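These notes are about the structure you will find just below.
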Number of protein chains: 2
Amino acid sequence: MKKKTTLSDIAKKLNVTPSTVSRALDDHPRISDSTKKAVLKIAHQFNYQPNNIASALRKGKSNIIGVIVPTSDRQFFASIIRGIEEIVRNEGYSLIICQSDEQTSKEKEKIDALLQIQVDGIIASVAKETTDYDHFKKIRNRGVPLVLYDRIGESLEANAVVINDYMGGYIAVEHLIQQGCKKIAHFAGQQHIGIYQDRMRGYLEAMKAYNIPFNEEWVIESDLIDDTQKILELGKEMTQQLLNLPERPDAIFSASDFAALGAIQFLNEKKISIPDEIALVGYSNDFASSIIEPGLTSIDQYTKQMGNMAAKHFLNQINTKSGEQFTPELTLLTPELVIRASSLRNKHV
Amino acid sequence: MKKKTTLSDIAKKLNVTPSTVSRALDDHPRISDSTKKAVLKIAHQFNYQPNNIASALRKGKSNIIGVIVPTSDRQFFASIIRGIEEIVRNEGYSLIICQSDEQTSKEKEKIDALLQIQVDGIIASVAKETTDYDHFKKIRNRGVPLVLYDRIGESLEANAVVINDYMGGYIAVEHLIQQGCKKIAHFAGQQHIGIYQDRMRGYLEAMKAYNIPFNEEWVIESDLIDDTQKILELGKEMTQQLLNLPERPDAIFSASDFAALGAIQFLNEKKISIPDEIALVGYSNDFASSIIEPGLTSIDQYTKQMGNMAAKHFLNQINTKSGEQFTPELTLLTPELVIRASSLRNKHV
DNA sequence: ATGAAAGCGCTAACAC
DNA sequence: GTGTTAGCGCTTTCAT
């Protein structure tokens with residue numbers, strides 16, 4: 001195992017000081033071209049690798065950004081990570097990605113670990129369990145920039161980027177109405193989570209706007225953040241529940257693709273025709289939505305763009321950090337309806 | 001923004017030296033209980049957070065492990081990450097997760113970045129593009145422990161953990177044979193990648209073992225690591241290709257679930273009955289395999305266990321690092337067949 | 001049981 | 001254009 005080359009090794013070789021070498025490698029303007037060249041040459045020859053840790057200690061900044069995802073196995077989060085990376089790599093930052101597994105306890109642990117590692121900032125989406133945000137406040141108290149995305153703790157003073165879930169709910173339901181549906185049910189997520197509240201609000205407002213009567217029994221709230229298999233089952237159960245109702249709905253807007261997929265499986269089994277007897281729209285445009293028969297209409301979220309924006313927020317914050325008053329900014333992204341067979345009644349329109 | 005508390009802040013407060021404080025926090029045996037208590041109290045009061053960077057610089061170790069995944073949006077990799085974390089968190093390591101996006105160039109970049117950050121080890125799966133392994137050799141040359149998982153560069157001297165893909169291929173095809181299939185096609189992955197070679201070998205050996213004739217035309221090799229949508233399309237095209245053959249196969253063993261999903265969609269469209277006319281088995285047991293109609297029989301890989309094993313390899317390596325000769329170890333995990341309707345001909349067995 | 005002192009490798013203010 | 005010096009915060013050997 002070779003000994004690592006340091007700045008002073010190079011300095012010695014060239015009979016200069018480490019500072020000169022440091023500056024030369026930094027392409028400092030006041031270093032002569034000849035020394036720069038010499039340094040570069042030796043550095044290469046010695047296979048010099050800068051010691052980031054030393055530099056971080058000295059500069060008080062690690063060039064690492066912590067990213068917290070509730071779970072990394074969804075295209076949703078993977079794509080956001082890619083979006084973040086796209087932006088920050090040019091600025092020399094590395095990402096350290098952590099999963100909270102939707103648990104507040106792990107979320108706390110990860111935040112502590114990240115702070116201990118001295119990250120330069122944290123970009124996070126809050127776990128479904130989380131209702132108390134003290135651990136997030138801690139981040140800001142330490143003077144570490146915080147950016148939230150998608151699931152943002154209300155009441156948290158931080159830059160954030162979210163999809164317009166209200167609009168997502170609205171256009172989903174508006175589409176169903178335009179397809180001639182009049183009795184629209186809703187699989188809602190837990191209402192303590194902002195995004196699910198917003199989707200529900202969109203649902204309600206769209207119905208109101210088109211004078212569609214609202215029936216309390218058609219709204220079923222449940223935990224839509226879970227193991228996919230479980231949500232699938234849940235979707236089946238909730239569909240069963242709707243079918244048992246005296247007045248059966250003719251459409252379902254599900255705040256989760258997986259619940260909608262379960263519904264489709266269940267309806268297929270019961271030989272209930274989709275979309276003619278019951279039309280469906282899901283949320284988040286998961287890969288499986290294009291696989292199921294009939295294809296599930298869904299709301300696509302611009303995840304990569306979301307990652308981009310989160311990264312930009314972070315960079316902004318870094319650059320305005322000193323001095324002036326911090327006023328949190330919220331970026332609202334616009335979702336898009338992806339239409340498939342599950343909702344397409346007017347086939348010739 | 002508060003100033004951070006350091007060891008000497010605490011030391012000053014207690015009229016002792018930083019060394020004592022350091023030792024006290026380390027629970028060093030030769031520090032009196034009274035000072036320990038005092039230090040702990042003040043540390044807590046001052047909300048002391050150890051500066052990991054300083055410690056890393058001093059100790060020459062960062063307690064960070066770099067993990068490289070080709071892409072993080074597959075359950076496969078997410079689950080492996082979880083498996084790794086489960087093991088190393090107790091040892092005080094953090095993970096820094098990077099995506100190579102299947103590109104050799106990014107793979108190199110990431111490795112450089114990780115080395116620069118001074119990670120204590122790297123756990124990686126190689127990108128599909130990669131055929132030259134110099135950048136991996138660099139890791140070992142630096143004396144940084146390297147563990148490979150799933151896609152391991154042949155010829156690379158490193159600890160590794162892989163699924164027994166040969167067996168995966170074998171049991172998949174054996175199952176088809178037992179269901180009465182006699183003309184079994186294979187969607188093969190690129191043969192420069194070990195796992196696809198092995199799956200193909202399993203296919204060939206199982207046929208040989210049961211005296212099933214082999215037809216070259218029934219094997220179609222293609223790039224099975226790509227955007228899921230693309231593989232889906234590919235699956236359709238390959239299926240079309242098989243149907244055009246003078247002698248049409250009665251089963252397909254696909255080295256990728258996604259290609260098999262495409263096949264199912266295509267066959268459904270053409271009203272060709274599954275599994276009676278054509279039976280199917282996929283590979284990796286993706287979520288979508290349980291969603292499609294009929295359900296796709298597939299090979300499940302014990303991903304979390306794979307992560308666990310990779311982590312253990314890393315820890316072993318850390319502990320035997322000094323001195324003795326390094327002999328790479330390979331762990332072989334056993335895959336499992338998950339049977340669904342796409343292959344179940346003998347429905348009453 | 002504690003202190004003194006040196007140093008991990010790099011950077012930056014200040015010199016000249 | 002380059003050197004000097006000091007220090008980031010922590011650990012650890014050698015003292016006592």
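The model shown is predicted, which means the values in this text are computed figures rather than measured ones.
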inquiry  = Classify Ser55(A) by what it touches in the nucleic acid, base, sugar-phosphate, or nothing, heavy-atom distance under 4.0 Å.
reply    = sugar-phosphate

query = Would you say a side-chain N or O of Tyr48(A) is under 4.0 Å from OP1 or OP2 of dG9(C)?
reply = no

query = Can you check the Asp27(A) CG to dT2(D) C1' distance for me, whole Å?
reply = 16 Å

query = In terms of side-chain heavy atoms, does Thr131(B) have a donor or acceptor partner in His192(B) at a distance below 3.5 Å?
reply = no

request  = Provide, to the nearest angstrom, the distance between the CG atom belonging to Leu57(B) and the P atom belonging to dC10(D).
outcome  = 12 Å

key: Pair Thr20(A), Thr17(A): side-chain N/O donor-acceptor within cut-off below 3.5 Å   = yes

query = What is the nucleic acid contact for Asn15(B), judged by heavy atoms within less than 4.0 Å: base, sugar-phosphate only, or nothing?
reply = sugar-phosphate

Atom pair distance, as rounded to whole Å: NZ in Lys59(B) and C1' in dC10(D) = 9 Å

task = Would you mind telling me which of His313(A), Gln305(A), Lys312(A) makes a side-chain hydrogen bond (donor to acceptor under 3.5 Å, both in side chains) with Thr331(A)?
result = His313(A)

message = Measure CZ/Arg30(B) against P/dA15(D) and give the value in whole Å, please.
response = 14 Å

task = Write down the distance between CG (Asp9(A)) and P (dC8(C)), rounded to a whole number of angstrom.
result = 11 Å

inquiry  = Expressed as a whole number of angstroms, how long is the span from Leu7(A):CG to dT2(D):C1'?
reply    = 15 Å

ask   = Using a cut-off of 4.0 Å on non-hydrogen atoms, how would the nucleic acid contact of Asn52(B) be classed: base, sugar-phosphate, or nothing?
value = nothing

query = Among dA5(C), dC14(C), dC8(C), which nucleotide sits nearest the side chain of Ser19(B)?
reply = dA5(C)

note = Quick note, Arg23(A) side chain, CB onward, closest among dC10(D), dG3(C), dT4(D) is dT4(D)

key: Ser32(A), nearest nucleotide to its side chain (from dC10(C), dC14(C), dG1(D))   = dG1(D)

message = Using modelled atom types and a 3.5 Å cut-off, is there a donor and acceptor pairing between side-chain atoms of Lys36(B) and backbone atoms of His28(B)?
response = yes

query = Thr20(B) side chain N/O closer than 4.0 Å to the phosphate oxygens (OP1, OP2) of dG3(C)?
reply = yes

ask   = Taking CZ from Phe46(B) and C1' from dG9(D), how many angstroms apart are they, rounded to a whole number?
value = 16 Å

request  = Quickly work out the Lys61(B) NZ to dC8(C) C1' distance and round it to whole Å.
outcome  = 15 Å

Asn51(B), nearest nucleotide to its side chain (from dT2(C), dG3(C), dG9(D)) = dG9(D)

key: Pair Glu102(B) + Arg151(B): basic N to acidic O under 4.0 Å   = yes

